[in-house]
Amino acid sequence: MLALTGNESRLKVSEFKLSTLLEITNAINNNLPEEQLFVLFQYILEHQLNIGKAVVFLNQEGTWESVLHFGVSDDELNINIERDLKGIRDITVMEMMGIKSKSFDVVIPVFHQSKIIAYLMLGDIDEQEMRASPIIRHLPFIQTLANLTAVAVENKRLVRESLKQERVKRELEMASEMQGLLLPNELPNNENLQVAAFYRPHQEVGGDFYDVIRISEEEYIFCMADVSGKGISAAILMASFQANLRANAQVGKNLEDIAQDLNKQVWNNAQGERFITMFLARYNTRSRKMHYVNAAHPSPLLLNEGSSIDLTQGCVGLGMFDELPFVNSGKEQVASNSLFICYTDGLDELENDRGDVFDRDSLKNAVESFSYKDMFELNEKIMLALNNHRGRLDFHDDIALISCRFF
């Protein structure tokens, strides 16, 4: 058999490298999973290039993980990437860095848009061997293979992240649309009462809900609620809550029974993973009586004949237990020209840069310092006072607000 000349040998090596690059490229174009890409990369290193040992460390969302290794023990994989390889920006012989290692001789960093996403560490250089090490002979080629493989894996991760973000964005859009459908388009404005509402979500989708339901010529149901958590699951829970609230309100159940039914629905849907705070009231325009249940919600402000009344009677939050351990209710006689202001905790827990909260006294002062007739103007006044209070700090939660004057 004739020996290959130098040119023939180089040509054969070039053909091998070209076909190998084509194989890797086809694997990437065929969208092979990361695991198969690493298997192919290992096969080329170990069986075609005769590399003795190798390990690939990949940066997985801030954490370095070994995704490929052969010819090394578990102890040899115990490498602190941030400490031992910090500052390496090019192919580096470890001895040149002053790093004595019996395991690895060469480090190849892999970049993606100027950011190091992987390190390939190779070892098998034997100074006693007369032949050139395959690492030295094929170093630029190995670097090309490592870049192709690692960048393909990183691109797959970025695509997954992009799809995840797109799903989250679409979920938030759907939840926002759903929430918009839950809030009433019109509120009562007649000879008996005038109601105005304000809503400001902290993010694209909030967890607050309000409703005013006319159940007869003389009776109205007021509801303000706040669901824990955000997103589509919270919006679905609140949609179910609203449907159950309206169904219960229309059949004339007392508030204690409505609270028990709502609690059961929230528990069955969320299994204790979410809960809802709620203020629920029934107002009769003829008797001028307000019955209410407060389920761990911030107490509304009732300014009645010059006095400020706390509406705190009620129960624990809905969905915290499979059955409410107790439900208390309160009753107030509402005088003519009384004011009723109901809100969520995004209002009365808002802090300024000194750590002072906009509490009930702050709200009461804002209301009493304003000469008003229109409830929309009153809500604007309250939000102006809230903005002045927070100063340079941002809102940290959703804010829902209902203001009502009883004529």
Side-chain angles (χ1 to χ4, degrees), residues 3-25 27-28 34-59 64-112 115-154:
L4 294 176
T5 65
N7 288 336
E8 290 173 334
S9 178
R10 284 191 292 272
L11 178 61
K12 189 173 182 64
V13 171
S14 297
E15 289 176 347
F16 157 73
K17 291 181 178 179
L18 184 61
S19 65
T20 301
L21 288 175
L22 182 61
E23 186 177 6
I24 285 281
T25 303
I28 294 171
E34 292 95 318
E35 295 81 3
Q36 294 187 33
L37 290 178
F38 285 127
V39 167
L40 179 58
F41 183 54
Q42 177 176 338
Y43 177 80
I44 294 169
L45 291 180
E46 188 174 10
H47 299 288
Q48 294 186 320
L49 296 179
N50 297 318
I51 304 298
K53 57 178 65 177
V55 59
V56 174
F57 289 101
L58 189 68
N59 194 325
W64 290 97
E65 296 182 12
S66 170
V67 294
L68 177 157
H69 60 86
F70 63 88
V72 295
S73 65
D74 291 340
D75 290 339
E76 291 174 308
L77 293 174
N78 188 21
I79 298 171
N80 188 319
I81 300 298
E82 298 292 344
R83 182 194 65 205
D84 297 336
L85 304 183
K86 184 178 180 180
I88 294 180
R89 306 285 296 178
D90 203 350
I91 297 176
T92 302
V93 177
M94 299 189 71
E95 279 197 9
M96 293 177 62
M97 293 182 59
I99 300 176
K100 297 291 184 179
S101 173
K102 296 180 180 179
S103 302
F104 303 104
D105 303 295
V106 176
V107 180
I108 301 176
V110 179
F111 290 84
H112 183 267
K115 176 185 175 183
I116 295 179
I117 60 171
Y119 286 102
L120 169 61
M121 304 181 70
L122 304 172
D124 76 349
I125 297 177
D126 188 348
E127 295 180 356
Q128 304 304 316
E129 285 280 345
M130 297 299 294
R131 65 181 180 86
S133 165
I135 296 177
I136 301 301
R137 286 188 288 121
H138 304 302
L139 198 52
F141 178 62
I142 294 172
Q143 183 184 34
T144 301
L145 290 179
N147 274 278
L148 280 173
T149 304
V151 170
V153 170
E154 175 67 6

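Between I116 and V110 there is no side-chain heavy-atom pair separated by less than 4.5 Å. Between V55 and L68 there is no side-chain heavy-atom pair separated by less than 4.5 Å. In this structure, L49 and I142 have side chains that are in contact, with non-hydrogen atoms separated by less than 4.5 Å. Put simply, the side chain of E23 reaches to within 4.5 Å of the side chain of L40, judged on heavy atoms. Using a 4.5 Å heavy-atom cutoff, the side chains of L37 and F41 are not in contact.
Taking CZ of F104 as the start and NZ of K53 as the end, the distance is 6.5 Å to the nearest 0.5 Å. One distance of note links CG of L122 with CG of L45; it measures 6.5 Å at 0.5 Å rounding. For the atom pair D105 CG and T92 OG1, the distance stands at 12.5 Å (nearest 0.5 Å). Atoms CE and CD1, on M121 and I88 in that order, are 7.5 Å from each other to the nearest 0.5 Å.
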Please output the side-chain donor-acceptor pairs of residues 145-154 that fall under 3.5 Å, not counting sequence neighbours, one pair per line with the distance.
residue: N147; atom: ND2; partner: Q143; partner atom: O; Å: 2.8
residue: T149; atom: OG1; partner: L145; partner atom: O; Å: 2.9
residue: E154; atom: OE1; partner: R157; partner atom: NE; Å: 3.2
residue: E154; atom: OE2; partner: R157; partner atom: NH2; Å: 2.9

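When all heavy atoms of V107 and P109 are compared, the pair lying nearest together is O-CD, 3.8 Å. When all heavy atoms of F57 and L77 are compared, the pair lying nearest together is CZ-O, 3.8 Å.
Checked options L85, I81, N80; the residue passing with R83 is N80 (criterion: side chain to side chain contact (heavy atoms under 4.5 Å, CB included)).
Scored by the side-chain hydrogen bond (donor to acceptor under 3.5 Å, both in side chains) test, E46 finds Q42 as partners (sequence neighbours excluded). Evaluation of the ring pair (Phe, Tyr, Trp, His ring centres under 6.0 Å) rule for Y119 yields W64 as partners, not counting sequence neighbours. Residues meeting the side-chain hydrogen bond (donor to acceptor under 3.5 Å, both in side chains) test with H112, sequence neighbours left out: N155. Legend: residues meeting side chain to side chain contact (heavy atoms under 4.5 Å, CB included) with N78, ordered by chain and number and at least two apart, are absent. By the ring pair (Phe, Tyr, Trp, His ring centres under 6.0 Å) test, F111 pairs with no residue at all, sequence neighbours left out. Applying the salt bridge (Lys or Arg N to Asp or Glu O under 4.0 Å) rule to E34 yields the partners R160; only residues at least two apart in sequence or on another chain are considered.
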Open item on the list: Show, in sequence, the C-alpha distance, side-chain angles and deciding distance for L58 and F38, and conclude whether the side chain to side chain contact (heavy atoms under 4.5 Å, CB included) test is met.
Closed with: CA-CA 11 Å; L58 189 68; F38 285 127; 4.2 Å; yes
